[in-house]
Protein chains: 2
Amino acid sequence: MPVTLQDIAAQAGVSKMTVSKVLNGQPGISEATRARVLTTAQKLGYRANAAARTLATGRSDTLGVLVPSLGTQYVSEVVRGADHAATALGLDLLISTTQERPGREGHNVSRLSGGLVDALLIVLPYALHDYAPALLDASLPVVVVGNESPGQPLALVDTDHMAGARLAAGHLLDLGHRRIAFVTGRPDVQASAERLRGYGEALRGAGLPVDERLIVDGDYTQPGGFHATRTLLARLDAGGLPLPTAVFAANDVSAFGVIEALRDHGLRVPGDVSVIGFDDIPQASQVHPPLTTVRQPLPEMGEVAARMLIARLRGGPAPPPRTVLPPTLVLRASTAPRRPH
Amino acid sequence: MPVTLQDIAAQAGVSKMTVSKVLNGQPGISEATRARVLTTAQKLGYRANAAARTLATGRSDTLGVLVPSLGTQYVSEVVRGADHAATALGLDLLISTTQERPGREGHNVSRLSGGLVDALLIVLPYALHDYAPALLDASLPVVVVGNESPGQPLALVDTDHMAGARLAAGHLLDLGHRRIAFVTGRPDVQASAERLRGYGEALRGAGLPVDERLIVDGDYTQPGGFHATRTLLARLDAGGLPLPTAVFAANDVSAFGVIEALRDHGLRVPGDVSVIGFDDIPQASQVHPPLTTVRQPLPEMGEVAARMLIARLRGGPAPPPRTVLPPTLVLRASTAPRRPH
DNA sequence: ATGAAAGCGCTAACAT
DNA sequence: ATGTTAGCGCTTTCAT
């Protein structure tokens, strides 16, 4: 049977209220009483009942985190950042998984928003999940990390994909590359379009034209990158055009496919063609050659999202509709200075 | 402002109690009333307050899961299994991270056990964390997955390390190997000792002596495996003894070190020496050659632990002190039939 | 078939 | 410095 305030009050010979004040560090209690109460609480092994406290205060001092699944670097780093911020600001984190099961989103949102947590941080690493309906009448502050949520306009924290793409293309330009191909991601994903725009901007910024013939459609998958590269090489071949000296793939996974296809074609990476990816997934550092790429600031994204939520709970402004954080270039061995074919 | 039972009752022209009964599917309500209440609840966007319900019932229908951090395969798979079981049995899962920070264990245990959850599932992938003190007076059912917890005797669910080691050694024996070396893990970790025992049993079962000179101390790390192998080779060399034709490393990470050292010595894997690991970490399939190893049944461990806890909550027996689940052999390319040197 | 009363453990607001 | 009262939103028990 759990120990209650009443138990301590009886033991210590004071009222419940006095015990409550002592345990919450409120003023207006004599040192003697305070000490006595603390000792009895300790002795009895008192543990505050979170449900009762939440019910009485209307606050849980807890941030809810909704993730599709555990085990991906994306999720774990975002959560780590959020945990850091929450801990620093005196809140706790409660994580709930949907395990990718459709329908679980709504269920989990309902449960968490029913007094378990004060605000919701939703991590959307890839897919466009369907939290929107349940969120409609969740009257808590919500911030999404990762992807635009369809329908419902929720505050979003994301990587500055355009800046990242500028970084990648800029790196290739710095290495002397002038013919730089781009393998897109999925056209329906916002981030993919932004990465493409960043690529274009970087080229134009360097006074180079954006040659549509150097842009091929991938789909973020390894086979997608492979086939896109094949298509590209065939297209250039047919047109009697020179090969690119560098390829920028919209993500790391498709970059692996790009490298595969280039080798199939007898080209060396980075000897003949440099390749750069985006995301910095764990495998990026383990393939050969280790992949130069752009890293998303995941812990920072979680941290910023958590801070916004907590600020909001403390009377601050509503989280801005869109916050983008700058990614960083991760130099490895798949890019090298241009050497003309 | 959240909608309460009272709001629905007022709108629907009934009492709070009637609404409560309808929402919980209890009998003794006319169809008409039931329908009317359900409609208003829907319309108002009612969402049960978990804190209030927990306080009133004394149950939260939620399982608490304590993990050191996210992002490791170990944790994510165990949680996936636990989630599966919990969902199937009508409970929810709430995950809390300690982010490896000492002291957080106690804090988190206190919070969760204070009415937030009905039972606790602790995932201890590697270190011997310090949950014990806080658990002392947590009056909830607790099961630990992974490692023996120091001091406090808590119900444990783990891999059958000994059976796994027998599997590994048995595989090598099946391939014709007779001189099989063993690189230990950390002596202070129970699992390491069990893996060593399994190795010994397998050899003895095959009528082979256990040669102490073929057993060297590692520490579960890659450098540890590397140095252990060096030591082994030097020792055999000095004694004029033949080299082993196979090495069983107490875990995958140290197996990588073993392979490194063997190659340094001019030996090919698996051409000259076969190497087998334990754990099946993600890298195991990505190194060259892909590592043959033993896989722990992680989702099953989570599932079994969750089921025990839930059974207990429903009046079943206390979880047994120790439950071990059988691992499986994962055949890859680092082992091959014996070819005499 | 429905409702009234009481209480889960805690705290806010107000006495004393 | 301490205690009393009331109530958070829900469910249990017992009436009607």
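Throughout, protein chains are lettered first and strands after them, A, B, ... in sequence-line order, and every chain is numbered starting at 1.
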Subject >> Full working for side-chain contact (heavy atoms from CB on, under 4.5 Å) between B:Arg104 and A:Asp83 >> reply: CA-CA 12 Å; B:Arg104 285 291 297 277; A:Asp83 191 282; 3.3 Å; yes
Original post:
Which of these passes side chain to side chain contact (heavy atoms under 4.5 Å, CB included) with A:Leu63: A:Leu313, A:Val117, A:Asp118, A:Leu94?
Top reply: A:Leu313
**OP:** Please check the phosphate of D:dA1 (OP1 and OP2 only) for any side-chain N or O of A:Thr33 closer than 4.0 Å.
**Re:** no
Original post:
Can you check the A:Ile29 CD1 to C:dT16 C1' distance for me, whole Å?
Top reply: 14 Å
Subject >> Residue pair A:Val143 / A:Leu309: nearest heavy atoms and the distance that separates them >> reply: CG2-CD1, 3.4 Å
Subject >> Protein proximity profile, nucleotides 3-16 of chain D - base contact B, sugar-phosphate-only contact S, no contact -, cut-off 4.0 Å on heavy atoms >> reply: BB---BBBBB----
Original post:
With a non-hydrogen cut-off below 4.0 angstrom, is A:Gly58 in contact with a base, only sugar-phosphate, or nothing?
Top reply: nothing
**OP:** To the nearest 0.5 angstrom, please state how far the CZ atom of B:Arg307 sits from the CD atom of B:Glu303.
**Re:** 4.5 Å
Original post:
Rounded to the nearest 0.5 Å, how far does OG1 of A:Thr18 lie from CD1 of A:Ile29?
Top reply: 5.0 Å
